[in-house]
Amino acid sequence: MAAYNGARHIEEQVASILAELGADDELIVVDDCSTDGTPDIVAAMGDSRIRLIKAAQNRGYVRTFENALSEARGHFVFLSDQDDVWLPGRVELMIAAMDGKSMVVSNCKHVDGPLGSFHEIRLRSKDEDHTVRNILGIVVGYRLHWGCAMAMRRELLEQVLPFPSYMNESHDQWIATVGNVNRSIVYLEEDTILHRLHGGNLTPLGIRSVSKIVRARVAFVRNVIEAVIRARKARVA
C-alpha cells in the first residue's frame with residue numbers, strides 16, 4: 001500500500017485487508033511523508049503483520065508503490081490503495097482465479113462519489129487471451145486495469161521491477177502490460193473491492209488535455225517495448 005494523507009479512510013481499509021490475511025502474511029504500508037497523522041493511525045492498529053515504512057522524502061505515488069513492491073516478500077503480491085475496502089473472500093478468490101497464470105485483475109464496485117467515464121469500463125473474462133487487443137486497449141485507453149484490483153506471483157514481480165525510469169503515472173497500466181506481454185493474465189469479472197470515489201482520487205473523472213493524452217500514449221508505447229525486452233530476458237534466463 002502506498003499511503004499519503006489518508007487518515008480519513010486508511011484504518012477501515014487496513015482492517016479489511018488484515019481480515020483477509022493469514023498469520024504468516026504481511027501488509028506493507030509505505031507512507032510518503034504524510035502530514036495528517038496517517039502513519040500514526042496505521043502504527044496504532046498494533047498488528048504484527050503490518051510493516052510500516054516511512055519515506056525519507058515525498059516522491060509521489062508511483063515511486064511509493066515501487067518501493068512497497070520492492071519490499072514484498074510473499075509468493076503472492078496484492079496492490080492496495082489507502083482508501084478502499086477489500087470485500088470478504090477477496091484473497092482466496094483472486095489466488096484461485098490465477099490458476100497457473102502470473103497475474104489477475106478483478107473489477108471494482110465504485111462507491112460514494114460520481115462515476116467518470118473511466119469508472120464505467122469493466123474487464124471481461126472472455127478478453128483475457130486477446131493479448132494484442134488488450135495491449136492496444138491499454139495504449140489507446142479503452143482497456144483499463146485498476147491497480148487496486150491487481151495481484152501477481154513473485155516471478156512476474158521480478159519483471160515489473162524496477163519501474164521504467166521515465167514513468168511518472170499509471171504504474172498499474174505498466175504492470176498490466178507486463179502481464180499481457182507474458183500472456184499470463186486473468187480477468188476476474190467479480191468485484192473484489194469497494195473502490196471509494198472522492199475528490200482526491202488519482203484517476204481523472206473527465207477527459208484530460210490533448211497534450212497529456214499524447215504524452216501518456218507515448219509512455220504506454222514505451223512500456224510495451226520495455227515489457228517485451230524484459231519478457232525475452234526472463235525466458236533466456
Side-chain angles (χ1 to χ4, degrees), residues 1-88 90-91 94-95 105-106 108-113 145-152 154 157-158 160-165 167-175 192-205:
M1 178 188 296
Y4 178 71
N5 287 352
R8 183 178 179 184
H9 299 298
I10 197 167
E11 184 173 5
E12 181 182 16
Q13 168 66 317
V14 170
S16 75
I17 294 173
L18 293 176
E20 287 290 293
L21 302 186
D24 297 324
D25 295 328
E26 63 179 358
L27 169 60
I28 298 168
V29 180
V30 178
D31 182 77
D32 195 26
C33 299
S34 293
T35 59
D36 68 347
T38 293
D40 297 329
I41 293 173
V42 174
M45 296 185 75
D47 194 297
S48 61
R49 294 170 295 177
I50 299 174
R51 190 147 61 98
L52 176 63
I53 300 171
K54 298 179 182 180
Q57 61 182 19
N58 181 277
R59 301 183 64 198
Y61 76 94
V62 170
R63 297 306 158 190
T64 302
F65 267 114
E66 181 180 32
N67 186 7
L69 289 172
S70 70
E71 292 286 343
R73 298 174 294 193
H75 181 65
F76 296 104
V77 180
F78 286 70
L79 278 74
S80 174
D81 290 345
Q82 65 183 359
D83 47 12
D84 299 327
V85 176
W86 284 21
L87 294 175
R90 179 177 195 255
V91 168
M94 293 184 72
I95 290 177
V105 190
S106 78
C108 312
K109 182 177 182 181
H110 306 292
V111 296
D112 284 0
H145 303 70
W146 293 97
C148 58
M150 291 181 175
M152 73 193 83
R154 168 158 297 281
L157 185 61
E158 293 172 358
V160 166
L161 296 176
F163 288 171
S165 60
M167 185 186 300
N168 56 20
E169 64 175 2
S170 301
H171 65 289
D172 44 8
Q173 305 315 301
W174 155 248
I175 297 171
T192 67
I193 66 167
L194 301 180
H195 183 214
R196 182 177 278 118
L197 302 177
H198 51 77
N201 287 117
L202 294 168
T203 301
L205 289 176

*Non-hydrogen side-chain atoms of Phe78 and Leu27 separated by less than 4.5 Å*: no
*Under the 3.5 angstrom rule, does the side chain of Asp81 hit a backbone N or O of Asp83 as a donor-acceptor pair?*
no
*Rounded to the nearest 0.5 Å, how far apart are SG of Cys108 and CG of Leu87?*
9.5 Å
*Salt bridge between Asp112 and Arg196, side-chain N to carboxylate O under 4.0 Å?*
yes
*Is the backbone N or O of Trp86 less than 3.5 Å from a side-chain atom of Glu20, with the two atoms forming a donor-acceptor pair by type?*
no
_Side-chain heavy atoms of Leu79 within contact of Leu69, under 4.5 Å_ = yes
*Heavy-atom distance under 4.5 Å between the side chains of His145 and Asp172, does that happen here?*
no
*Can you measure from CD1 (Ile95) to CZ (Arg90) and round to the nearest 0.5 angstrom?*
10.5 Å
*asked:* Please find the pair of heavy atoms, one from Thr35 and one from Asn5, that lie closest to each other, and give the distance.
replied: N-OD1, 2.7 Å
*Atom pair CG/CZ of Asp24 and Arg73 - distance to nearest 0.5 Å*: 11.0 Å
*Can any side-chain N or O of Arg154 pair as donor or acceptor with the backbone N or O of Gly74 at less than 3.5 Å?*
yes
_Any heavy-atom pair between the side chains of Thr64 and Tyr4 that's under 4.5 Å?_
no
_Is the ring pair Phe65/His171 parallel, tilted or perpendicular, if the boundaries are 30 and 60 degrees?_
parallel
*asked:* What verdict does the side-chain contact (heavy atoms from CB on, under 4.5 Å) test give for Met167 and Arg63, after you've listed the backbone C-alpha separation in whole Å, the side-chain angles of each residue and the deciding distance to 0.1 Å?
replied: CA-CA 9 Å; Met167 185 186 300; Arg63 297 306 158 190; 4.0 Å; yes
*Between CD1 of Ile193 and CG of Asp84, what distance do you get to the nearest 0.5 Å?*
4.5 Å
_Minimum heavy-atom separation for Asp36 and Ala7, please, with both atom names._
OD2-N, 3.1 Å
*What are the two closest heavy atoms between Met45 and Ala15, and how far apart are they?*
CE-N, 3.9 Å
*Compare all side-chain heavy atoms of Ile50 with those of Leu18 and state whether any distance is below 4.5 angstrom.*
yes
*CD/Glu66 to OH/Tyr61 distance, rounded to the nearest 0.5 angstrom?*
13.0 Å
*First locate atom CG of Asn67, then atom CG of Leu161, and finally report the distance between them rounded to the nearest 0.5 Å.*
10.0 Å
*How about Asn58 and Asp32: do any of their side-chain heavy atoms sit closer than 4.5 Å?*
yes
*asked:* Taking Arg51 first and then Glu26, would you say they form a salt bridge - that is, a charged N and a carboxylate O separated by under 4.0 Å?
replied: yes
*Where is the tightest heavy-atom contact between Ile175 and Met152, given as atom of each residue plus distance?*
CG2-CE, 3.7 Å
*Is there side-chain contact between Val29 and Met1, with heavy atoms separated by less than 4.5 Å?*
yes
_Closest non-hydrogen atom pair, Gln82 against Ala3_ = OE1-CA, 3.2 Å
*So which heavy atom on Ser34 is nearest to which on Pro39, and how close?*
CB-CD, 3.9 Å
